[in-house]
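Data block below; observations after.
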Amino acid sequence: LLDKPIQQPLFIKIMEKNLKSHGTWIGKWTFVLAATGSAVGLGNIWGFPYKAGDEGGGAFVLIYFLCILLIGLPIMVSEILIGRRSGTSPINAMKIAAIESNRSSAWQLVGWTGIIAGVLILSFYSVIAGLCLNYIFISAASSGVIEAQTQFENATQSWQGLLFWHSVFMILTLLVVSAGIKNGIERMVKILMPMLGFLLVFMVMYAMLNGAVNKALSFLFSPDFSKVNTDTFLSALGQAFFSLSLGMGSIMAYGAYMPKEQNIGSTSVSVASLDTLVAILAGLAIFPILFSFYDGFSIDETLVQLKENGLGPGIVFVSLASAFNDMQYGQLIGPIFFILLSVAALSSSISILEPGVAFLSEERILSRKKSAIVISALSWIIGIGSVLSFNLWSDVKIIGDNNFLDSMDLIAVKNLQPLGGMLIAIFIGWFMKESLIKDELGSINPIVYKIWRFFIKLVAPIGVGCILISQLF
Ligand code: PHE
(Lines give C-alpha, C1' and ligand atoms only; values in the text may rest on other atoms or scores of the structure.)
Protein backbone atom coordinates (compact mmCIF):
# COMPACT_ATOMS: atom_id res chain seq x y z
CA LEU A 1 0.00 0.00 0.00
CA LEU A 2 2.77 2.38 0.88
CA ASP A 3 4.37 2.51 -2.56
CA LYS A 4 1.32 4.20 -3.93
CA PRO A 5 2.45 7.83 -4.12
CA ILE A 6 -0.96 9.08 -3.09
CA GLN A 7 -0.53 7.44 0.30
CA GLN A 8 2.74 9.16 1.01
CA PRO A 9 1.59 12.43 2.49
CA LEU A 10 -0.57 10.63 5.00
CA PHE A 11 2.37 8.44 5.80
CA ILE A 12 4.62 11.43 6.38
CA LYS A 13 1.98 13.06 8.52
CA ILE A 14 1.73 10.00 10.68
CA MET A 15 5.50 9.64 10.93
CA GLU A 16 6.02 13.28 11.79
CA LYS A 17 3.23 14.09 14.10
CA ASN A 18 -0.38 13.39 14.23
CA LEU A 19 -2.01 16.43 12.66
CA LYS A 20 -5.70 16.82 13.18
CA SER A 21 -7.64 16.38 9.95
CA HIS A 22 -10.14 18.97 8.70
CA GLY A 23 -12.16 16.74 6.37
CA THR A 24 -13.16 17.68 2.82
CA TRP A 25 -15.91 19.68 1.13
CA ILE A 26 -19.03 17.59 0.74
CA GLY A 27 -20.53 18.73 -2.56
CA LYS A 28 -18.74 18.44 -5.89
CA TRP A 29 -19.21 22.14 -6.56
CA THR A 30 -18.38 23.35 -3.10
CA PHE A 31 -14.75 24.06 -3.83
CA VAL A 32 -15.65 26.22 -6.82
CA LEU A 33 -18.30 27.98 -4.78
CA ALA A 34 -16.04 28.57 -1.79
CA ALA A 35 -12.99 29.61 -3.82
CA THR A 36 -15.10 31.92 -5.96
CA GLY A 37 -16.56 33.31 -2.74
CA SER A 38 -13.04 33.94 -1.54
CA ALA A 39 -11.99 35.54 -4.81
CA VAL A 40 -15.05 37.69 -5.37
CA GLY A 41 -15.10 40.44 -2.78
CA LEU A 42 -14.41 44.07 -2.13
CA GLY A 43 -11.52 43.66 -4.55
CA ASN A 44 -13.91 43.09 -7.44
CA ILE A 45 -16.81 45.35 -6.64
CA TRP A 46 -15.02 48.25 -4.99
CA GLY A 47 -11.28 47.87 -5.76
CA PHE A 48 -11.42 46.97 -9.44
CA PRO A 49 -13.73 49.81 -10.52
CA TYR A 50 -11.86 52.40 -8.48
CA LYS A 51 -8.44 51.32 -9.69
CA ALA A 52 -9.68 51.16 -13.27
CA GLY A 53 -11.00 54.69 -12.79
CA ASP A 54 -7.81 55.93 -11.18
CA GLU A 55 -5.42 54.30 -13.60
CA GLY A 56 -7.12 55.37 -16.79
CA GLY A 57 -9.67 52.69 -17.69
CA GLY A 58 -9.12 50.30 -20.60
CA ALA A 59 -5.33 50.09 -20.44
CA PHE A 60 -5.44 49.10 -16.78
CA VAL A 61 -8.19 46.59 -17.50
CA LEU A 62 -6.10 44.99 -20.24
CA ILE A 63 -2.96 44.73 -18.09
CA TYR A 64 -5.07 43.35 -15.27
CA PHE A 65 -6.48 40.62 -17.55
CA LEU A 66 -2.95 39.68 -18.61
CA CYS A 67 -1.83 39.45 -14.99
CA ILE A 68 -4.77 37.16 -14.19
CA LEU A 69 -4.19 34.89 -17.17
CA LEU A 70 -0.39 34.71 -17.34
CA ILE A 71 0.51 34.89 -13.66
CA GLY A 72 -2.58 34.46 -11.48
CA LEU A 73 -4.05 31.35 -13.07
CA PRO A 74 -0.81 29.29 -13.12
CA ILE A 75 -0.19 30.21 -9.45
CA MET A 76 -3.75 29.30 -8.51
CA VAL A 77 -3.21 25.80 -9.94
CA SER A 78 0.01 25.53 -7.92
CA GLU A 79 -1.58 26.59 -4.66
CA ILE A 80 -4.50 24.19 -4.94
CA LEU A 81 -2.10 21.41 -5.87
CA ILE A 82 0.15 21.92 -2.84
CA GLY A 83 -2.83 22.30 -0.52
CA ARG A 84 -4.64 19.19 -1.71
CA ARG A 85 -1.51 17.08 -1.70
CA SER A 86 -1.36 17.09 2.10
CA GLY A 87 -4.82 18.24 3.11
CA THR A 88 -3.32 20.52 5.75
CA SER A 89 -2.96 24.25 6.43
CA PRO A 90 -0.56 26.20 4.16
CA ILE A 91 2.33 26.07 6.64
CA ASN A 92 2.23 22.29 6.92
CA ALA A 93 1.28 21.86 3.28
CA MET A 94 4.45 23.67 2.16
CA LYS A 95 6.50 21.75 4.69
CA ILE A 96 5.16 18.36 3.64
CA ALA A 97 5.54 19.13 -0.07
CA ALA A 98 9.15 20.20 0.56
CA ILE A 99 10.02 17.14 2.66
CA GLU A 100 8.44 14.82 0.09
CA SER A 101 10.60 16.44 -2.57
CA ASN A 102 13.72 16.10 -0.39
CA ARG A 103 13.97 19.85 0.03
CA SER A 104 14.49 22.00 3.09
CA SER A 105 11.49 22.29 5.37
CA ALA A 106 12.26 26.02 5.49
CA TRP A 107 9.84 26.31 2.57
CA GLN A 108 7.16 26.41 5.25
CA LEU A 109 8.16 30.07 5.70
CA VAL A 110 5.99 30.80 2.68
CA GLY A 111 3.05 29.60 4.77
CA TRP A 112 4.09 31.85 7.64
CA THR A 113 4.39 35.01 5.55
CA GLY A 114 0.97 34.12 4.17
CA ILE A 115 -0.54 34.04 7.63
CA ILE A 116 1.03 37.39 8.47
CA ALA A 117 -0.34 38.84 5.23
CA GLY A 118 -3.76 37.39 6.08
CA VAL A 119 -3.86 38.98 9.52
CA LEU A 120 -2.92 42.37 8.03
CA ILE A 121 -5.38 42.09 5.13
CA LEU A 122 -8.24 41.05 7.38
CA SER A 123 -7.48 44.02 9.65
CA PHE A 124 -8.38 46.65 7.06
CA TYR A 125 -10.75 44.48 5.01
CA SER A 126 -13.02 44.30 8.00
CA VAL A 127 -12.99 48.09 8.44
CA ILE A 128 -14.09 48.70 4.86
CA ALA A 129 -16.58 45.84 4.92
CA GLY A 130 -17.95 47.31 8.15
CA LEU A 131 -18.42 50.61 6.34
CA CYS A 132 -20.39 48.72 3.67
CA LEU A 133 -22.64 47.28 6.38
CA ASN A 134 -23.16 50.78 7.74
CA TYR A 135 -23.99 52.06 4.25
CA ILE A 136 -26.86 49.59 3.92
CA PHE A 137 -28.61 51.78 6.47
CA ILE A 138 -27.16 55.11 5.40
CA SER A 139 -28.26 54.68 1.80
CA ALA A 140 -31.72 53.52 2.86
CA ALA A 141 -32.29 56.54 5.02
CA SER A 142 -30.86 59.22 2.78
CA SER A 143 -33.32 61.88 1.82
CA GLY A 144 -31.35 63.58 -0.91
CA VAL A 145 -31.02 66.58 1.38
CA ILE A 146 -27.70 65.51 2.81
CA GLU A 147 -24.97 65.38 0.22
CA ALA A 148 -23.10 62.12 -0.26
CA GLN A 149 -19.82 63.81 0.63
CA THR A 150 -21.24 64.95 3.96
CA GLN A 151 -22.69 61.49 4.58
CA PHE A 152 -19.31 59.93 3.96
CA GLU A 153 -17.64 62.39 6.30
CA ASN A 154 -20.24 61.73 8.96
CA ALA A 155 -19.71 58.01 8.64
CA THR A 156 -15.92 58.12 8.71
CA GLN A 157 -15.22 61.04 11.02
CA SER A 158 -16.60 59.19 14.00
CA TRP A 159 -14.08 56.54 14.97
CA GLN A 160 -16.65 55.05 17.33
CA GLY A 161 -19.00 54.35 14.43
CA LEU A 162 -16.32 52.82 12.24
CA LEU A 163 -15.05 50.76 15.14
CA PHE A 164 -18.54 49.50 15.90
CA TRP A 165 -19.12 48.26 12.33
CA HIS A 166 -15.58 46.89 12.12
CA SER A 167 -16.38 44.84 15.22
CA VAL A 168 -19.72 43.64 13.84
CA PHE A 169 -18.11 42.44 10.64
CA MET A 170 -15.23 40.76 12.45
CA ILE A 171 -17.64 38.89 14.72
CA LEU A 172 -19.63 37.65 11.71
CA THR A 173 -16.42 36.36 10.13
CA LEU A 174 -15.34 34.73 13.37
CA LEU A 175 -18.69 32.99 13.85
CA VAL A 176 -18.61 31.40 10.40
CA VAL A 177 -15.02 30.19 10.62
CA SER A 178 -15.31 28.85 14.13
CA ALA A 179 -18.25 26.69 13.07
CA GLY A 180 -15.87 24.70 10.87
CA ILE A 181 -15.56 23.67 7.23
CA LYS A 182 -18.88 21.89 6.79
CA ASN A 183 -21.12 23.67 9.25
CA GLY A 184 -19.58 27.11 8.84
CA ILE A 185 -17.85 27.90 5.57
CA GLU A 186 -19.57 25.37 3.31
CA ARG A 187 -23.03 26.16 4.64
CA MET A 188 -22.42 29.90 4.41
CA VAL A 189 -21.11 30.02 0.84
CA LYS A 190 -24.09 27.96 -0.29
CA ILE A 191 -26.33 30.75 0.94
CA LEU A 192 -24.14 33.75 0.14
CA MET A 193 -23.05 32.92 -3.40
CA PRO A 194 -26.47 32.51 -5.03
CA MET A 195 -27.52 35.69 -3.26
CA LEU A 196 -24.49 37.50 -4.61
CA GLY A 197 -25.15 36.30 -8.17
CA PHE A 198 -28.75 37.39 -8.00
CA LEU A 199 -28.00 40.85 -6.58
CA LEU A 200 -25.22 41.47 -9.08
CA VAL A 201 -27.35 40.54 -12.09
CA PHE A 202 -30.08 42.79 -10.75
CA MET A 203 -27.65 45.72 -10.39
CA VAL A 204 -26.20 45.23 -13.86
CA MET A 205 -29.65 45.08 -15.43
CA TYR A 206 -30.67 48.18 -13.57
CA ALA A 207 -27.55 50.04 -14.72
CA MET A 208 -28.00 48.84 -18.31
CA LEU A 209 -31.58 50.06 -18.44
CA ASN A 210 -31.03 53.35 -16.64
CA GLY A 211 -27.40 54.31 -17.10
CA ALA A 212 -24.99 55.59 -19.74
CA VAL A 213 -23.96 52.16 -21.02
CA ASN A 214 -21.99 53.22 -24.09
CA LYS A 215 -19.77 55.60 -22.19
CA ALA A 216 -19.13 52.96 -19.56
CA LEU A 217 -18.21 50.39 -22.19
CA SER A 218 -15.83 52.66 -24.01
CA PHE A 219 -14.25 53.73 -20.72
CA LEU A 220 -13.66 50.14 -19.62
CA PHE A 221 -12.65 48.62 -22.92
CA SER A 222 -10.84 51.18 -25.06
CA PRO A 223 -7.28 51.31 -23.78
CA ASP A 224 -5.39 54.60 -23.61
CA PHE A 225 -1.75 53.65 -23.11
CA SER A 226 -0.59 57.20 -22.52
CA LYS A 227 -1.68 56.79 -18.91
CA VAL A 228 0.33 53.62 -18.31
CA ASN A 229 3.48 53.69 -16.13
CA THR A 230 5.28 51.26 -13.80
CA ASP A 231 2.75 52.04 -11.12
CA THR A 232 -0.01 50.76 -13.37
CA PHE A 233 1.71 47.38 -13.56
CA LEU A 234 2.27 47.18 -9.82
CA SER A 235 -1.29 48.17 -9.17
CA ALA A 236 -2.70 45.70 -11.72
CA LEU A 237 -0.54 42.85 -10.41
CA GLY A 238 -1.39 43.59 -6.78
CA GLN A 239 -5.04 43.75 -7.74
CA ALA A 240 -4.80 40.40 -9.57
CA PHE A 241 -3.21 38.66 -6.54
CA PHE A 242 -5.68 40.29 -4.19
CA SER A 243 -8.68 39.51 -6.32
CA LEU A 244 -7.76 35.85 -6.84
CA SER A 245 -6.85 35.54 -3.12
CA LEU A 246 -3.37 34.29 -4.04
CA GLY A 247 0.01 34.29 -2.36
CA MET A 248 -1.23 34.21 1.21
CA GLY A 249 -2.74 30.79 1.73
CA SER A 250 -6.49 31.21 1.30
CA ILE A 251 -6.71 29.23 -1.91
CA MET A 252 -4.13 26.73 -0.64
CA ALA A 253 -6.18 26.19 2.52
CA TYR A 254 -9.40 25.72 0.54
CA GLY A 255 -7.55 23.42 -1.86
CA ALA A 256 -6.68 21.22 1.11
CA TYR A 257 -10.37 20.36 1.49
CA MET A 258 -10.85 19.52 -2.19
CA PRO A 259 -11.74 15.88 -2.88
CA LYS A 260 -9.04 13.92 -4.74
CA GLU A 261 -11.16 13.14 -7.78
CA GLN A 262 -11.72 16.78 -8.70
CA ASN A 263 -9.64 18.20 -11.55
CA ILE A 264 -7.42 21.07 -10.42
CA GLY A 265 -6.83 22.64 -13.85
CA SER A 266 -10.44 23.02 -14.93
CA THR A 267 -11.52 24.08 -11.47
CA SER A 268 -8.92 26.88 -11.43
CA VAL A 269 -10.08 28.07 -14.82
CA SER A 270 -13.67 28.25 -13.54
CA VAL A 271 -12.71 30.22 -10.44
CA ALA A 272 -10.48 32.69 -12.28
CA SER A 273 -13.08 33.23 -15.01
CA LEU A 274 -15.90 33.78 -12.56
CA ASP A 275 -13.76 36.22 -10.60
CA THR A 276 -12.91 38.21 -13.72
CA LEU A 277 -16.51 38.12 -14.90
CA VAL A 278 -17.70 39.56 -11.60
CA ALA A 279 -15.12 42.37 -11.77
CA ILE A 280 -16.37 43.32 -15.24
CA LEU A 281 -20.00 43.04 -14.19
CA ALA A 282 -19.28 45.25 -11.19
CA GLY A 283 -17.78 47.81 -13.57
CA LEU A 284 -20.91 47.51 -15.70
CA ALA A 285 -23.09 48.03 -12.65
CA ILE A 286 -21.22 51.08 -11.39
CA PHE A 287 -19.90 53.12 -14.31
CA PRO A 288 -23.17 53.49 -16.30
CA ILE A 289 -24.78 54.97 -13.19
CA LEU A 290 -21.82 57.28 -12.56
CA PHE A 291 -21.62 58.45 -16.16
CA SER A 292 -25.34 59.10 -16.41
CA PHE A 293 -25.08 61.16 -13.26
CA TYR A 294 -22.67 63.41 -15.18
CA ASP A 295 -24.86 63.58 -18.25
CA GLY A 296 -23.63 66.06 -20.85
CA PHE A 297 -19.96 65.71 -19.92
CA SER A 298 -17.42 63.70 -21.90
CA ILE A 299 -15.71 60.70 -20.32
CA ASP A 300 -12.58 62.69 -19.51
CA GLU A 301 -14.55 65.61 -18.10
CA THR A 302 -16.53 63.17 -15.97
CA LEU A 303 -13.32 61.66 -14.66
CA VAL A 304 -12.05 65.08 -13.65
CA GLN A 305 -15.33 65.75 -11.83
CA LEU A 306 -15.26 62.34 -10.21
CA LYS A 307 -11.69 62.87 -9.04
CA GLU A 308 -12.76 66.02 -7.25
CA ASN A 309 -15.62 64.08 -5.76
CA GLY A 310 -13.49 61.26 -4.47
CA LEU A 311 -12.87 58.83 -7.28
CA GLY A 312 -10.52 56.31 -5.79
CA PRO A 313 -11.63 54.55 -2.65
CA GLY A 314 -14.57 56.94 -2.40
CA ILE A 315 -16.03 55.73 -5.67
CA VAL A 316 -18.84 53.68 -4.16
CA PHE A 317 -19.22 55.58 -0.91
CA VAL A 318 -19.28 59.08 -2.38
CA SER A 319 -19.73 59.12 -6.15
CA LEU A 320 -22.10 56.17 -6.43
CA ALA A 321 -23.88 57.06 -3.23
CA SER A 322 -24.60 60.54 -4.53
CA ALA A 323 -26.08 58.99 -7.68
CA PHE A 324 -28.27 56.83 -5.44
CA ASN A 325 -29.31 59.89 -3.44
CA ASP A 326 -30.37 61.58 -6.61
CA MET A 327 -32.24 58.90 -8.45
CA GLN A 328 -35.71 57.48 -8.26
CA TYR A 329 -35.85 54.39 -6.03
CA GLY A 330 -32.30 55.23 -4.93
CA GLN A 331 -33.22 54.39 -1.36
CA LEU A 332 -34.02 50.89 -2.49
CA ILE A 333 -31.23 50.35 -5.04
CA GLY A 334 -28.60 51.82 -2.71
CA PRO A 335 -29.15 49.32 0.10
CA ILE A 336 -29.32 46.45 -2.41
CA PHE A 337 -25.92 47.46 -3.73
CA PHE A 338 -24.39 47.66 -0.25
CA ILE A 339 -25.90 44.33 0.76
CA LEU A 340 -24.22 42.90 -2.34
CA LEU A 341 -20.89 44.37 -1.26
CA SER A 342 -21.26 43.07 2.29
CA VAL A 343 -22.16 39.56 1.15
CA ALA A 344 -19.18 39.47 -1.19
CA ALA A 345 -16.94 40.74 1.59
CA LEU A 346 -18.07 38.11 4.09
CA SER A 347 -17.51 35.19 1.74
CA SER A 348 -13.95 36.54 1.28
CA SER A 349 -13.10 37.44 4.84
CA ILE A 350 -13.82 33.91 6.05
CA SER A 351 -11.20 32.64 3.63
CA ILE A 352 -8.67 35.19 4.88
CA LEU A 353 -9.11 33.93 8.44
CA GLU A 354 -9.12 30.21 7.58
CA PRO A 355 -5.38 29.47 6.92
CA GLY A 356 -4.22 30.61 10.36
CA VAL A 357 -7.14 28.95 12.11
CA ALA A 358 -6.51 25.70 10.24
CA PHE A 359 -2.87 25.75 11.36
CA LEU A 360 -3.51 26.39 15.06
CA SER A 361 -6.27 23.80 15.20
CA GLU A 362 -4.58 21.01 13.23
CA GLU A 363 -1.49 21.36 15.41
CA ARG A 364 -3.87 21.05 18.37
CA ILE A 365 -2.44 24.25 19.79
CA LEU A 366 -5.97 25.54 20.30
CA SER A 367 -9.46 24.37 19.40
CA ARG A 368 -10.89 25.72 16.14
CA LYS A 369 -13.12 28.11 18.04
CA LYS A 370 -10.31 29.49 20.18
CA SER A 371 -7.97 29.75 17.18
CA ALA A 372 -10.58 31.78 15.35
CA ILE A 373 -11.03 34.06 18.34
CA VAL A 374 -7.29 34.64 18.80
CA ILE A 375 -6.51 35.41 15.17
CA SER A 376 -9.55 37.58 14.55
CA ALA A 377 -8.84 39.48 17.76
CA LEU A 378 -5.34 40.19 16.49
CA SER A 379 -6.70 41.48 13.19
CA TRP A 380 -9.35 43.45 15.00
CA ILE A 381 -6.74 45.24 17.12
CA ILE A 382 -4.53 46.06 14.13
CA GLY A 383 -7.69 47.22 12.34
CA ILE A 384 -8.11 49.97 14.89
CA GLY A 385 -5.19 51.71 13.17
CA SER A 386 -7.16 51.68 9.92
CA VAL A 387 -10.26 52.96 11.68
CA LEU A 388 -8.23 55.89 12.99
CA SER A 389 -6.63 56.59 9.62
CA PHE A 390 -10.02 57.95 8.51
CA ASN A 391 -10.16 60.46 11.33
CA LEU A 392 -7.81 61.05 14.29
CA TRP A 393 -4.75 59.72 12.46
CA SER A 394 -5.62 60.99 9.01
CA ASP A 395 -2.37 62.99 8.92
CA VAL A 396 -0.20 60.26 10.39
CA LYS A 397 2.07 58.77 7.75
CA ILE A 398 3.43 55.29 8.42
CA ILE A 399 5.36 54.21 5.34
CA GLY A 400 6.40 57.03 3.02
CA ASP A 401 3.33 59.04 2.25
CA ASN A 402 0.87 56.34 3.25
CA ASN A 403 -1.51 56.51 6.15
CA PHE A 404 -2.07 53.43 8.34
CA LEU A 405 -4.63 51.71 6.11
CA ASP A 406 -2.64 52.33 2.93
CA SER A 407 0.52 51.09 4.64
CA MET A 408 -1.16 47.79 5.52
CA ASP A 409 -2.25 47.52 1.90
CA LEU A 410 1.28 48.31 0.74
CA ILE A 411 2.89 45.68 2.97
CA ALA A 412 0.36 42.89 2.60
CA VAL A 413 -1.22 43.30 -0.82
CA LYS A 414 1.44 45.01 -2.89
CA ASN A 415 4.40 43.11 -1.39
CA LEU A 416 3.68 40.01 0.70
CA GLN A 417 1.03 38.57 -1.63
CA PRO A 418 3.11 38.85 -4.83
CA LEU A 419 6.19 37.67 -2.91
CA GLY A 420 4.34 34.63 -1.59
CA GLY A 421 3.00 33.89 -5.06
CA MET A 422 6.46 34.19 -6.57
CA LEU A 423 7.98 31.81 -4.02
CA ILE A 424 5.20 29.29 -4.60
CA ALA A 425 5.86 29.49 -8.35
CA ILE A 426 9.60 29.01 -7.80
CA PHE A 427 8.99 26.09 -5.48
CA ILE A 428 6.65 24.29 -7.87
CA GLY A 429 8.70 25.17 -10.94
CA TRP A 430 12.17 24.36 -9.66
CA PHE A 431 12.06 22.40 -6.42
CA MET A 432 9.00 20.17 -6.14
CA LYS A 433 9.31 16.62 -7.50
CA GLU A 434 7.62 16.49 -10.85
CA SER A 435 6.17 13.03 -10.20
CA LEU A 436 4.25 14.43 -7.24
CA ILE A 437 2.94 17.31 -9.31
CA LYS A 438 1.77 15.00 -12.10
CA ASP A 439 0.21 12.68 -9.60
CA GLU A 440 -1.85 15.52 -8.14
CA LEU A 441 -2.83 17.11 -11.45
CA GLY A 442 -4.29 13.81 -12.70
CA SER A 443 -5.06 13.45 -16.38
CA ILE A 444 -4.00 16.62 -18.08
CA ASN A 445 -3.38 17.38 -21.73
CA PRO A 446 0.43 17.21 -22.21
CA ILE A 447 0.52 20.45 -24.19
CA VAL A 448 -1.46 22.32 -21.56
CA TYR A 449 0.90 20.86 -18.95
CA LYS A 450 3.97 22.10 -20.84
CA ILE A 451 2.50 25.59 -21.19
CA TRP A 452 1.64 25.72 -17.49
CA ARG A 453 5.13 24.50 -16.59
CA PHE A 454 6.70 27.23 -18.71
CA PHE A 455 4.60 29.92 -17.08
CA ILE A 456 5.19 28.70 -13.58
CA LYS A 457 8.95 28.20 -14.05
CA LEU A 458 9.74 31.40 -15.89
CA VAL A 459 6.97 33.84 -16.66
CA ALA A 460 5.43 34.08 -13.17
CA PRO A 461 8.68 34.39 -11.17
CA ILE A 462 10.31 36.82 -13.60
CA GLY A 463 7.15 38.88 -14.13
CA VAL A 464 6.39 39.22 -10.44
CA GLY A 465 10.08 39.74 -9.60
CA CYS A 466 10.47 42.61 -12.08
CA ILE A 467 7.37 44.37 -10.87
CA LEU A 468 8.37 43.96 -7.23
CA ILE A 469 11.85 45.32 -7.89
CA SER A 470 10.56 48.18 -10.04
CA GLN A 471 8.76 49.74 -7.07
CA LEU A 472 12.06 50.20 -5.26
CA PHE A 473 13.07 52.83 -7.77
N1 PHE B 1 -10.15 38.20 -3.11
C2 PHE B 1 -10.80 39.03 -2.15
C3 PHE B 1 -11.40 40.24 -2.84
O4 PHE B 1 -11.30 40.41 -4.00
C5 PHE B 1 -9.89 39.46 -1.04
C6 PHE B 1 -8.99 38.41 -0.51
C7 PHE B 1 -7.63 38.62 -0.48
C8 PHE B 1 -9.50 37.20 -0.05
C9 PHE B 1 -6.78 37.66 -0.03
C10 PHE B 1 -8.65 36.22 0.41
C11 PHE B 1 -7.30 36.45 0.41
O12 PHE B 1 -11.99 41.05 -2.19
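Note that these values count all heavy atoms, side chains included, but never hydrogens, waters or copies made by symmetry. Remember, predicted model here, so these are calculated numbers, not experimental data. One-based numbering, in listed order, for ligands and for the atoms of each. For this chain, numbers begin at 1 and follow the sequence in order.
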Using the ring of Trp430 (Phe, Tyr or Trp, six-membered ring only), decide whether Lys457 places NZ or CZ under 6.0 Å from its centre and within 45 degrees of its axis.
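Yes - Lys457 lies over the ring of Trp430, closer than 6.0 Å to its centre and within 45° of its axis.
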
Do the charged groups of Glu440 and Arg85 touch, with an N to O distance under 4.0 Å?
yes

Going by an N to O cut-off under 4.0 Å, is there a salt bridge joining Glu354 and Arg368?
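The answer is yes: the pair qualifies as a salt bridge.
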
May I have the N/O to N/O pairs between ligand 1 and the protein that fall below 3.5 Å, each with atom names and distance to one decimal?
residue, atom, partner, partner atom, Å
ligand 1, 1 (N), Ser38, O, 3.1
ligand 1, 1 (N), Ala39, O, 2.9
ligand 1, 1 (N), Phe242, O, 2.7
ligand 1, 1 (N), Ser243, O, 3.1
ligand 1, 1 (N), Ser245, OG, 3.1
ligand 1, 4 (O), Ala39, O, 2.9
ligand 1, 4 (O), Gly43, N, 3.3
ligand 1, 4 (O), Asn44, OD1, 3.3
ligand 1, 12 (O), Leu42, N, 3.0
ligand 1, 12 (O), Gly43, N, 2.8
ligand 1, 12 (O), Tyr125, OH, 2.6

So, Asn402 side chain and Ile399 main chain: donor-acceptor pair closer than 3.5 Å or not?
yes

Do other residues, nucleotides or ligands put more than 12 heavy atoms under 6.0 Å from the CZ atom of Phe198?
no

So, Phe137 versus Trp165, ring centres under 6.0 angstrom or not?
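Between Trp165 and Phe137, which both carry aromatic rings, the centre distance is below 6.0 Å.
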
